[in-house]
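Read through the structure below, which is laid out as structure tokens, and then see the notes.
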Protein chains: 2
Amino acid sequence: MGARKGPTEGRDTGTLGKLMALLDLVTHAEGPMRFTDILAVAGQPRGTLHRQLVHLAEEGLLEVDDDGRYLPGLRLLDLASRSWARNEFRLVAEPHLAALQKLTGETVHLGVLRGTSIIYLDKVEGQQPVRMYSQIGNASPIYCTGVGKAALSILPPERLKAMLSELEFQRFTPNTHTAETLAAEMDEIRDRGCAFDREEHEVGIHCVAAPIWSDNLSFIGGVSVTGPAYRLTMERLQDWAKPVRETAENIMRGMRIGLGPRR
Amino acid sequence: MGARKGPTEGRDTGTLGKLMALLDLVTHAEGPMRFTDILAVAGQPRGTLHRQLVHLAEEGLLEVDDDGRYLPGLRLLDLASRSWARNEFRLVAEPHLAALQKLTGETVHLGVLRGTSIIYLDKVEGQQPVRMYSQIGNASPIYCTGVGKAALSILPPERLKAMLSELEFQRFTPNTHTAETLAAEMDEIRDRGCAFDREEHEVGIHCVAAPIWSDNLSFIGGVSVTGPAYRLTMERLQDWAKPVRETAENIMRGMRIGLGPRR
DNA sequence: TCACATATTCCATTATGTGGAACTTAATTT
DNA sequence: AAATTAAGTTCCACATAATGGAATATGTGA
């Protein structure tokens, strides 16, 4: 009982799973939620829900404002900053990202594949102070970002097929991929060793990205150069393709992945 | 049974509390931990610990590397970025921080009191791209940071006394406060409306900070200007005191706190 | 003051987590 | 290659903590 394999029923993490689902619900909401708001959508009985919220709040994962409404807690910041600070991929990549930024003068992103999303781990901009948190940690769709498409391109056929069937394609711009057009582009990306994104996610934004992976594919990510379409013309994207691929290779060398067995 | 009020025994959050303690343990460690490493310090029996780790990993709060070692998971980044993006205090403060940075040319911090620590919510630097996560989310001791001392200064006597007795004073520099010197400085800070930090946390670093609070003290934080001692001389600190206080006032006005009852 | 909406507490029932021990699997030594 | 030790995983009777319906409390506007 319980371990059915319906489409929604992926995890079996007991009480923790329920609490995390609740935390996600509140965290992904537009604004603070009152008890009744949550009750309406959480599908838990009053008593249960109340205790769960109190526990989450006591642990600092949620906070309660003066009006008794629930919002994401600051404990999450402390935990995340440590996760970020210690991430080996990010640590290894950092100098290479800076070098790529300097070379191109454009914004450089580092992302990692998690489930069917790309999570951005780092961002290096040229000019003024960066609002980093605004980008870092954010999960973006895999099918319409350079890093996402680059990551897809190194998956073996079966896993690629499985992934494609899991995706739900939302149209962000006129250029956003469908299941068909995305599948059609894969060989091309694989051959070229990098992916272009021409206004597929955001109008006016172009991007070149190269994949980064470990031999056993337990790790898959990518690095990209992003900028306004008027500056990153098709010729410019072609120009940056090589340095982006080289940056990816350098990062892989630094992590001792993609070059035969570890240790 | 269990709800004793010993010094360590603060929370009663059932299963979640145990899991969060475990998450904290792994997250605060120096590097990846093997099962046996954790077993030695977690004080849980083998079977229990194993299931807890598996659950945390399945939820993405922990990750397991190729060698089976546990480290903080990336799910935390997604959760935290939303917590940060939606934080009202930070949103309101943002433009004021930028203005203060521009005026002084020095680094500006925004922090909030949580327990006996200051958690940094934002940082605005002048020059080059900022490694923001490296500071944001970090918990710093309240007794040797400008923001911390400013926050202490607006506590009512009983709460201040309780807080002081809770603190453990670690010596970071020759100037780091002890319980006595800290208590002695409080009146002065309160009168002046801002706190100075002259190499109390880090050698070579000076700082001016002003407190930010809500009427009912459900919220306490602060804003500060930080920089190298050779540039932020005592005279300079005096100069910046007024703009720092004004920035704090502007932020309070923006949050509709510190100016009579809300709504 | 009453009525209504919202939030919190209570407690018998039952699902879930617990933890000692047995069992695999991998690494190291003889 | 077999034996030995260590590291990780699974099992299951038992206890504890989560459940959820109902009662109570708290707050808000008429």
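Lettering follows sequence order; numbering is per chain, from 1. Being a predicted model, the structure only gives us computed values, none of them experimental.
Taking atom CE of A/Met33 as the reference point, atom C1' of C/dT6 lies 15 Å away to the nearest angstrom. Note: CZ (B/Arg51) to P (D/dC12) measures 16 Å, nearest angstrom. With rounding to whole Å, B/Leu22 atom CG is found 13 Å from C/dG19 atom P. One interatomic measurement links the two molecules: CG of B/Leu16 to P of C/dG17, which rounds to 12 Å at whole-angstrom precision. Taking atom CG of B/Leu39 as the reference point, atom C1' of C/dG20 lies 13 Å away to the nearest angstrom.
Nearer the 5' end of DNA chain D, as judged by each residue's closest nucleotide, is the contact made by B/Asp37, out of B/Asp37 and B/Lys18. Nearest-nucleotide mapping onto DNA chain C: of A/Val54 and B/Gln44, the residue sitting toward the 5' end is A/Val54.
The side chain of A/Phe35 lies closest to C/dT8 when the candidates are C/dT18, D/dT9, C/dT8. Comparing C/dA7, D/dT19, C/dT18 against the side chain of A/Gln52 picks out D/dT19 as the nearest. Looking at the side chain of B/Arg34, the nearest of the listed nucleotides D/dT19, D/dG8, D/dA17 is D/dG8. Among C/dT8, D/dG8, C/dT16, the nucleotide with an atom closest to any side-chain atom of A/Arg46 is C/dT8. Of the candidates C/dT18, C/dG19, C/dT8, the closest approach to any side-chain atom of B/Pro45 belongs to C/dG19.
Here B/Glu249 does not pair with B/Arg245 in a salt bridge; the nearest charged N to carboxylate O distance is not below 4.0 Å. Ionic pairing of A/Asp24 and B/Arg75 is present here: one or more N-O contacts between side-chain nitrogen and carboxylate oxygen are shorter than 4.0 angstrom.
Contact between the side-chain N/O atoms of A/His50 and the OP1/OP2 oxygens of C/dT8 is found at a separation under 4.0 Å. For the pair B/Thr15 and D/dA18, the criterion of a side-chain N or O lying under 4.0 Å from OP1 or OP2 is met. Contact check, B/Thr36 against D/dG8: a side-chain N or O comes under 4.0 Å of OP1 or OP2.
In this structure, the side chain of A/Arg86 engages the main chain of B/Thr27 through a donor-acceptor pair within 3.5 Å.
At a threshold of 4.0 angstrom between heavy atoms, the contacts of B/Gly47 include nucleobase atoms, whether or not backbone atoms are also involved.
Between the side chains of B/Thr13 and A/Glu59, at least one donor N or O lies within less than 3.5 Å of an accepting N or O.
Expressed to the nearest 0.5 Å, how far NE2 of A/His96 lies from CZ of A/Arg253 amounts to 9.0 Å.
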